[in-house]
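Before any comments, here is the structure.
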Amino acid sequence: MTTVNALELRDVRAGYGKATMLHDLDLALPAGAIGALLGPNGAGKTTVMRTAAGLLRPGTGTVVLAGEDVTRTPPHQRARLGLCMVPEGRGIFRNLSVGENLRIQAPPWVPVDDAVARAIAVFPVLGRRSRQSAGSLSGGEQQMLAMSRAFMASWKVVLLDEVSIGLAPRVVDEIYAAVRALADSDVALLIVEQYVSRVLGMADVVFLLDHGGSTYAGPASGLDEDRLTAGYLGPAAAATAPSR
Ligand code: ATP
């Protein structure tokens, strides 16, 4: 039996203008798996996610979603095929109410009230704050609002880009309780996270990226600390990291 990958990047070269950021990158996330995408700042993690979501079209290579070539498929159609991206930086409308934000996030094929109810079931605080402007929410609540879409439909792939950034540890715990719930469903998750330990514990597969190329793809158990330090902080940091 062949395993269908939920998401594949095959030999992808992508970048911005003339600058190539991903160099012939291969990445395969099996259906239902939890993947951690790790690498130093500027390694290309967000670029991988934007390419997967269709926000960036690769110069060469192929993007495959649940067995279907989506390289030339626009973002909204990739969403319809089962891909959800939660971008870094809490893409919410600060001047609109929480309720309005939730309704805007509802995927068009899901009845709006059902979509909103699903999000509120995961994050009850959003129901209590429904009439409040999104900009007046705490940072953690804003992140919950930004993540709501991930819970509004039965996605095949959810991309989570730095969902804990700038949040206090207690709030990160809350966010990760929701991520855990998502991980326990059938969805395949690709997670970019600065708190490496948060994702390594739950990841089935780890992808290390450096300068737009893959330096490791495999189980977390196959990573020793030196390799992880090198892969996450960059080789220079690993060389200067204190040994234990
Ligand atoms: P970080 O951990 O800092 O978020 P990252 O691994 O997600 O980094 P990317 O955001 O994918 O890295 O950026 C990869 C490279 O592409 C970086 O050198 C960055 O400066 C560059 N880059 C990102 N977005 C753009 C853009 N819109 N135009 C030009 N260059 C860009």
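For ligands, and for the atoms within them, numbers begin at 1 and follow the listed sequence.
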Check your understanding: Residues in side-chain contact (heavy atoms from CB on, under 4.5 Å) with A183, at least two apart?
Key -> I34, R180, L189, M202

Practice item. Pick out which of V70, V157, V63, T73 makes a side chain to side chain contact (heavy atoms under 4.5 Å, CB included) with L83. Key: V157

Check your understanding: Roughly how far apart are Y176 OH and L167 CG, rounded to 0.5 Å?
Key -> 10.5 Å

Exercise for review: Check whether more than 12 heavy atoms from other residues, nucleotides or ligands sit under 6.0 Å from atom CG of D186, and answer yes or no.
Suggested key: no

For ligand 1, which of its N or O atoms have a protein N or O partner closer than 3.5 Å, and how long is each gap?
| residue | atom | partner | partner atom | Å |
| --- | --- | --- | --- | --- |
| ligand 1 | 2 (O) | N41 | OD1 | 3.3 |
| ligand 1 | 2 (O) | K45 | NZ | 2.8 |
| ligand 1 | 3 (O) | N41 | OD1 | 3.3 |
| ligand 1 | 6 (O) | A43 | N | 3.1 |
| ligand 1 | 6 (O) | G44 | N | 2.9 |
| ligand 1 | 6 (O) | K45 | N | 2.9 |
| ligand 1 | 6 (O) | K45 | NZ | 2.8 |
| ligand 1 | 7 (O) | T46 | N | 2.8 |
| ligand 1 | 7 (O) | T46 | OG1 | 2.9 |
| ligand 1 | 8 (O) | G42 | N | 2.8 |
| ligand 1 | 11 (O) | T46 | N | 3.4 |
| ligand 1 | 11 (O) | T47 | N | 2.8 |
| ligand 1 | 11 (O) | T47 | OG1 | 2.5 |
| ligand 1 | 12 (O) | G44 | N | 3.2 |

**Study point:** Donor-acceptor contact present, side-chain D26 to main-chain D11, <3.5 Å
**Key:** yes

Exercise for review: Please determine if D161 and R50 form a salt bridge, counting it only when a charged side-chain N lies under 4.0 Å from a carboxylate O.
Suggested key: no

